[in-house]
Amino acid sequence: MRDILPPESARWRRFGEVFVELVEAAGYGQLISPLLEDLGVFTRIGEATDVVTKEMYDFVDKGDRHVALRPEMTASVCRAFAQHRPTTPWKVYYLGPNFRYEKPQRGRYRQFEQVGVEVLGGDDPYIDVEVIALAWEFYRRLGLRQVTLVVNSLGEPDDRARFVEALRGHLEAAGDALSEQGRTTLTRNPLRVLDSRHGDDKAVVAGAPPIADFYSEGAARHFEDVQAGLQALDIPFRVEPGLVRGLDYYRRTIFEFQGATLDSAQNALGGGGRYDGLVEALGGPPTPGVGFALGLDRTLLACADEGVFDCRPRPLDAFVVDVTGGREALTLTAELRAAGLAVDRAFDNRSMKAQMKVADRSGAEHAVIVGDDELAAGTVVVKPLRSDGTQLTIPRSTLIAHLTGTETR
Ligand code: HAM
């Protein structure tokens, strides 16, 4: 868990703003849900996933409830849907922190930030396309170029179950040809062997029956429509039959956005897919759902690697330097701020030299200086700090007009 200090925090805030502008213009409204939920909400993500078995921050509260900090937000969205029963399609977005007890490293943290959308109550493959296209456009607006979209379909639940059994048979037959880690994964969740990074496992997996052989007609058509939709929008993608994703609730479409500049273990900038059974598992009516979540921490690392999205906080218009005791700075600063200008000042009645140093460091456009002579004459000195313009002494009453460029000459 990290502190994010200024000016880096400005990038975080702007990241959220760019996302909100994009998704609100596509008809999504914000869901604000609690950071803490009943543990049972998250165990529905899948008992066979690391997120649930190893990484949960869970504890018993003072009321004897077993609760957990959210490791992701899709389960919370489905819980909220089951509880409030809004009209469908329900298009929501969210942003905020999540918690997973993982081994921290570059791009992997125990508290990390996500932005995401979910659409509940629609089966249409073009909803899948809409959410993927939104994520794609978001990366584009950040300025990221080195992002690859990979897609896959896990088929209907029955297709997926038959595929998992066939895969289990294939992997078990391979025996010691699998790595030790691969054999352990196999007993818990055969699908996860598909994205093993171990060379031995990769060789075994290469000979496994392809998932597409198990698609029902409906699942195959749905996936074809998703691909056709992406093509119609000129969104480049690669079908990756080995893509399985780390959460267990997915059915049919799944996708991931991979950043080229990050280590392969942490290169997923975001991902998502369909989770058609999750609302039901949380006590709601059968409701299809699809969405994505994008990791802010990793995406900002990718932006830094690509040298894009370098947003800086708004520069100050003026910095007030008052060597008469500080009362003038107090009222001047208040007046200038009330006029909409970005203004800071020095405190503690320090020397002119010391205050000018702080003014320079502040990045302000102008220093507004008040000394004893100015105070007596009702004037201020305006000194440009970022340009070669000349220093002027002007009546205090014309300062706002001068700084906003609205003075009449
Ligand atoms: P996820 O793949 O677990 O999916 O997480 C989505 C993104 O969150 C990842 O691609 C990554 O960028 C970021 N992320 C995950 N864990 C960490 C971590 N420890 N440190 C930094 N970043 C991390 C989900 O969470 C699903 N809820 C996505 C979804 C929405 N599926 C359907 N709707």
Side-chain angles (χ1 to χ4, degrees), residues 1-2 4 12 15 19 23 28 31 33 37 41-42 44-46 49-52 54-57 69-81 90-120 127-128 130-132 134-135 138-139 142 144 147-152 154 192 195 243-259 261-279 288-303:
M1 296 176 186
R2 300 165 299 153
I4 308 300
W12 282 50
F15 186 95
F19 182 74
V23 296
Y28 292 75
L31 172 70
S33 68
E37 300 251 10
V41 171
F42 303 122
R44 304 306 200 290
I45 293 169
T49 64
D50 287 352
V51 170
V52 171
K54 297 190 193 155
E55 297 168 2
M56 201 85 84
Y57 277 90
L69 287 170
R70 65 181 182 208
E72 60 112 51
M73 289 187 251
T74 309
S76 300
V77 172
C78 292
R79 193 268 310 139
F81 180 86
W90 197 45
K91 295 173 65 167
V92 293
Y93 74 87
Y94 49 76
L95 51 175
N98 300 278
F99 303 85
R100 296 184 193 176
Y101 195 83
E102 298 199 74
K103 192 164 165 243
Q105 53 208 286
R106 180 178 140 98
R108 194 177 291 277
Y109 310 101
R110 291 182 171 165
Q111 176 175 335
F112 60 96
E113 202 82 12
Q114 282 185 344
V115 299
V117 306
E118 312 288 350
V119 182
L120 292 183
I127 305 178
D128 309 35
E130 169 166 307
V131 301
I132 294 172
L134 278 174
F138 180 59
Y139 292 126
L142 294 177
L144 276 178
V147 180
T148 306
L149 166 63
V150 292
V151 299
N152 191 19
L154 294 173
R192 291 313 304 258
D195 60 5
L243 178 70
V244 290
R245 309 253 316 120
L247 306 163
D248 233 16
Y249 47 57
Y250 291 112
R251 312 277 178 265
R252 298 194 278 185
T253 318
I254 54 174
F255 52 90
E256 208 160 85
F257 298 94
Q258 297 168 351
T261 61
L262 299 172
D263 258 18
S264 66
Q266 274 82 243
N267 73 350
L269 301 179
R274 280 206 165 265
Y275 43 86
D276 295 343
L278 190 55
V279 173
V290 59
F292 66 73
L294 311 180
L296 172 150
D297 309 71
R298 264 179 218 181
T299 306
L300 286 184
L301 285 175
C303 287

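Numbering of ligands and ligand atoms starts at 1, following listing order. Every heavy atom of this structure was used, including side-chain atoms; hydrogens, water molecules and symmetry mates were not. Please read these numbers as outputs of a predicted model, since none were measured by experiment.
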J.: Short list, please: which atoms of ligand 1 are under 4.0 Å from a heavy atom of Tyr250?
T.: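 Checking each atom against Tyr250, I get 26 (C), 28 (C), 29 (C), 31 (N), 32 (C).
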J.: Checking Arg100 side chain against Pro71 main chain: does a donor-acceptor pair fall under 3.5 Å?
T.: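 Side chain of Arg100 to backbone of Pro71: a pair is present.
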J.: Cation-pi check, Arg110 to Tyr101: give yes when NZ or CZ is under 6.0 Å from the six-membered ring centre and within 45° of the ring axis, no otherwise.
T.: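 Positive - Arg110 is close enough to the ring of Tyr101 and near enough to its axis.
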J.: Mark yes or no for whether Asn152, through its side chain, and Leu243, through its backbone, hold a donor-acceptor pair below 3.5 Å.
T.: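 Yes, the answer is positive, given that a donor and an acceptor are paired below the 3.5 Å cut-off.
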J.: Would you say Phe112 and ligand 1 have an N/O pair spaced under 3.5 Å apart?
T.: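 Phe112 vs ligand 1: no N/O contact under 3.5 Å.
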J.: Using a plain distance cutoff, I'd like to know if Gly270 has any nitrogen or oxygen under 3.5 Å from a nitrogen or oxygen of ligand 1.
T.: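 Yes, Gly270 has an N/O under 3.5 Å of an N/O on ligand 1.
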J.: Provide, to 0.1 Å, the distance between atom 20 (N) of ligand 1 and the closest protein heavy atom, together with that atom's residue and name.
T.: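 Ranked first by proximity to atom 20 (N) of ligand 1 is Tyr109 N, 3.0 Å.
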J.: For ligand 1, which atoms have a heavy atom of Leu247 less than 4.0 angstrom away?
T.: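 It comes down to these atoms of ligand 1: 3 (O), 4 (O), 24 (C), 25 (O), 26 (C).
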J.: Against heavy atoms of Gly295, which atoms of ligand 1 measure under 4.0 Å?
T.: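 By the 4.0 Å cutoff, the relevant atoms are 7 (C), 8 (O), 12 (O), 13 (C).
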J.: Does the residue Pro104 have a heavy-atom contact with ligand 1, meaning some pair of atoms that are separated by less than 4.0 Å?
T.: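 No; Pro104 lies far enough from ligand 1 that no heavy-atom distance drops under 4.0 Å.
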J.: Starting from atom 9 (C) of ligand 1, which protein heavy atom do you reach first, and at what distance in Å?
T.: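 I find the closest protein heavy atom is Ala268 O, 3.8 Å.
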J.: For the side chain of Arg108 and the backbone of Ala265, is there at least one donor-acceptor N/O pair under 3.5 Å apart?
T.: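 Side chain of Arg108 to backbone of Ala265: a pair is present.
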J.: Can you tell whether the side chains of Asp297 and Arg2 come within less than 4.0 Å, N to carboxylate O?
T.: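 Yes.
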J.: Take atom OH in Tyr57; do more than 12 heavy atoms of anything else shown fall under 6.0 Å from it?
T.: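 Above 12, so yes.
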J.: Could you tell me, atom by atom, which parts of ligand 1 come under 4.0 Å of a heavy atom of Glu118?
T.: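 Those qualifying, in numeric order: 30 (C), 32 (C), 33 (N).
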J.: Under 4.0 Å from any heavy atom of Tyr94, which atoms of ligand 1 are there?
T.: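 Reading through ligand 1 atom by atom, the close ones are 30 (C).
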J.: Can you tell whether the side chains of Asp263 and Arg106 come within less than 4.0 Å, N to carboxylate O?
T.: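 The answer is no: the pair does not qualify as a salt bridge.
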J.: May I ask you to list the atoms of ligand 1 that are less than 4.0 angstrom from any heavy atom of Gly271?
T.: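 Numbered from 1, ligand 1 contributes 28 (C), 29 (C).
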J.: Does Phe257 have a non-hydrogen atom less than 4.0 Å from ligand 1?
T.: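 Outside the 4.0 Å threshold, so no.
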J.: Got the closest protein heavy atom to atom 19 (N) of ligand 1, with its distance?
T.: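 Ranking protein heavy atoms by distance from atom 19 (N) of ligand 1, first comes Glu102 OE2, 2.7 Å.
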J.: Look at atom 27 (N) of ligand 1 and say which protein heavy atom is nearest, naming residue and atom and giving the distance to 0.1 Å.
T.: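 Sorting protein heavy atoms by distance from atom 27 (N) of ligand 1 puts Glu72 OE1, 2.5 Å first.
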J.: What verdict does the side chain to side chain contact (heavy atoms under 4.5 Å, CB included) test give for Leu269 and Leu262, after you've listed the backbone C-alpha separation in whole Å, the side-chain angles of each residue and the deciding distance to 0.1 Å?
T.: CA-CA 9 Å; Leu269 301 179; Leu262 299 172; 3.5 Å; yes
J.: Could you tell me if the side chain of Leu69 sits less than 4.5 Å from the side chain of Phe42, heavy atoms only?
T.: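 No, side chains not in contact.
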J.: For the 3.5 Å polar cut-off, considering only N or O atoms, please tell me whether Val290 and ligand 1 meet it.
T.: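 No.
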J.: Measure the acute angle between the ring planes of Phe138 and Phe15, then classify it against the limits of 30° and 60° as parallel, tilted or perpendicular.
T.: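 Ring orientation of Phe138 relative to Phe15: perpendicular.
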J.: Ignoring hydrogens and geometry, is there a side-chain-to-backbone donor-acceptor pair from Gln105 to Lys103 under 3.5 Å?
T.: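 Checked: pair present.
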J.: List ligand 1 atoms under 4.0 Å from Arg108, heavy atoms only on the residue side.
T.: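 With Arg108 as reference, the close atoms of ligand 1 come out as 19 (N), 20 (N).
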J.: For ligand 1, which atoms have a heavy atom of Tyr275 less than 4.0 angstrom away?
T.: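 The list of qualifying atoms is 32 (C), 33 (N).
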J.: For atom 6 (C) of ligand 1, what's the nearest protein heavy atom and its distance?
T.: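 Going by distance alone, atom 6 (C) of ligand 1 is nearest to Gln114 NE2, 3.3 Å.
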J.: I need the nearest protein heavy-atom contact for atom 32 (C) of ligand 1: residue, atom name and distance, please.
T.: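 For this ligand atom, the closest protein heavy atom is Gly291 O, 3.2 Å.
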J.: Does at least one non-hydrogen atom of Arg245 fall below 4.0 angstrom from an atom of ligand 1?
T.: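 Checking ligand 1 against Arg245, which is what was asked, there is a heavy-atom contact under 4.0 Å.
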J.: Using heavy-atom distances, let me know which of Phe292, Phe99, Phe255, Tyr249 sits nearest atom 26 (C) of ligand 1.
T.: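 Among Phe292, Phe99, Phe255, Tyr249, the closest heavy atom to atom 26 (C) of ligand 1 comes from Tyr249.
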J.: When you measure from the side chain of Arg298 to the backbone of Gly107, do you find a donor-acceptor pair of N or O atoms at a distance under 3.5 Å?
T.: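 Between the backbone of Gly107 and the side chain of Arg298 there is a qualifying donor-acceptor contact (under 3.5 Å).
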J.: Do Tyr249 and Cys78 come within less than 4.5 Å of each other through their side chains, counting heavy atoms only?
T.: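 Not touching, per the 4.5 Å side-chain cut-off.
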